[in-house]
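All remarks here apply to the structure that follows.
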Amino acid sequence: MTTESLTYRELAVRLGVKLESARKTVLRKKWQKVAGNDGTLRILVPVEALTRHEDSPSDSPSDSPTVREMQARLETIGELLVSERRRADAAEQDRDRWHAMAIRPWWKRLAG
């Protein structure tokens, strides 16, 4: 496996993340750390990890399947909300008609 020697700052730039995120990634992936001659800590990062990540920034977050699925669900929920609002409005109108009829005197209800 080929590796590339990068500082935390260089790694953060290459991955397109914050410095703290790069540090956590190094800990999580257990990449080897080496002290350089100048005293700078360098990380031996597998080239595959860098090339794979360089391909993904071209994808916008809204193109991911999870985001598309959530957007589709939100649209469905929005449509459902509109139809339920219409149904509730119709039920309220029907209730109001029956209420108006119920409070009329009995003789007006008979006479029409």
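A salt bridge links Asp94 with Arg97: the distance from a Lys NZ or Arg NE/NH1/NH2 to an Asp or Glu carboxylate oxygen falls below 4.0 Å. A salt bridge between Glu92 and Arg95 is absent, with no side-chain N of the basic residue lying under 4.0 Å from a carboxylate O of the acidic one.
Residues that satisfy the salt bridge (Lys or Arg N to Asp or Glu O under 4.0 Å) test with Arg73, not counting sequence neighbours, are Glu69.
A donor-acceptor pair is defined here as one N or O able to donate and one able to accept, closer than 3.5 Å; such a pair exists between the side chain of Arg42 and the backbone of Ser5. At least one donor-acceptor pair closer than 3.5 Å links the side chain of Glu10 to the backbone N or O of Thr7. At distances below 3.5 Å, not a single donor-acceptor pair connects side-chain atoms of Ser21 with backbone N or O atoms of Val17.
What you find for Trp31 and Ala49 is that their closest heavy atoms are CZ2-CB, 3.7 Å.
With contacts defined as side-chain heavy-atom distances shorter than 4.5 Å, the pair Trp98/Gln93 does not qualify. Residues Leu44 and Glu4 have side chains not in contact (no heavy-atom distance under 4.5 Å, counting atoms from C-beta outward).
Taken to the nearest 0.5 Å, the CZ atom of Arg14 stands 4.5 Å off from the CG atom of Leu50. Put simply, CZ on Arg9 and OG1 on Thr40 are 10.5 Å apart, with the number rounded to the nearest 0.5 Å. The CD atom of Gln71 sits 11.5 Å away from the OG1 atom of Thr76 when rounded to the nearest 0.5 Å. Rounded to the nearest 0.5 angstrom, Leu81 CG and Arg85 CZ are separated by 8.5 Å.
Summarising the local packing, CG of Asp38 is surrounded by more than 12 heavy atoms from other residues, nucleotides or ligands at distances under 6.0 Å. Heavy-atom neighbours of Arg86 CZ from other residues, nucleotides or ligands within 6.0 Å: at or below the threshold of 12.
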>> Ile43 vs Leu6, test: side chain to side chain contact (heavy atoms under 4.5 Å, CB included). Steps then yes/no.
In response: CA-CA 5 Å; Ile43 296 89; Leu6 299 171; 5.5 Å; no
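Checked options Thr25, Leu19, Val45; the residue passing with Leu11 is Val45 (criterion: side-chain contact (heavy atoms from CB on, under 4.5 Å)).
Leu15 and Leu41 fall within the same hydrophobic cluster, defined by Ile, Leu, Val, Met, Phe, Trp and Tyr side-chain heavy atoms under 4.5 Å apart, directly or through other members.
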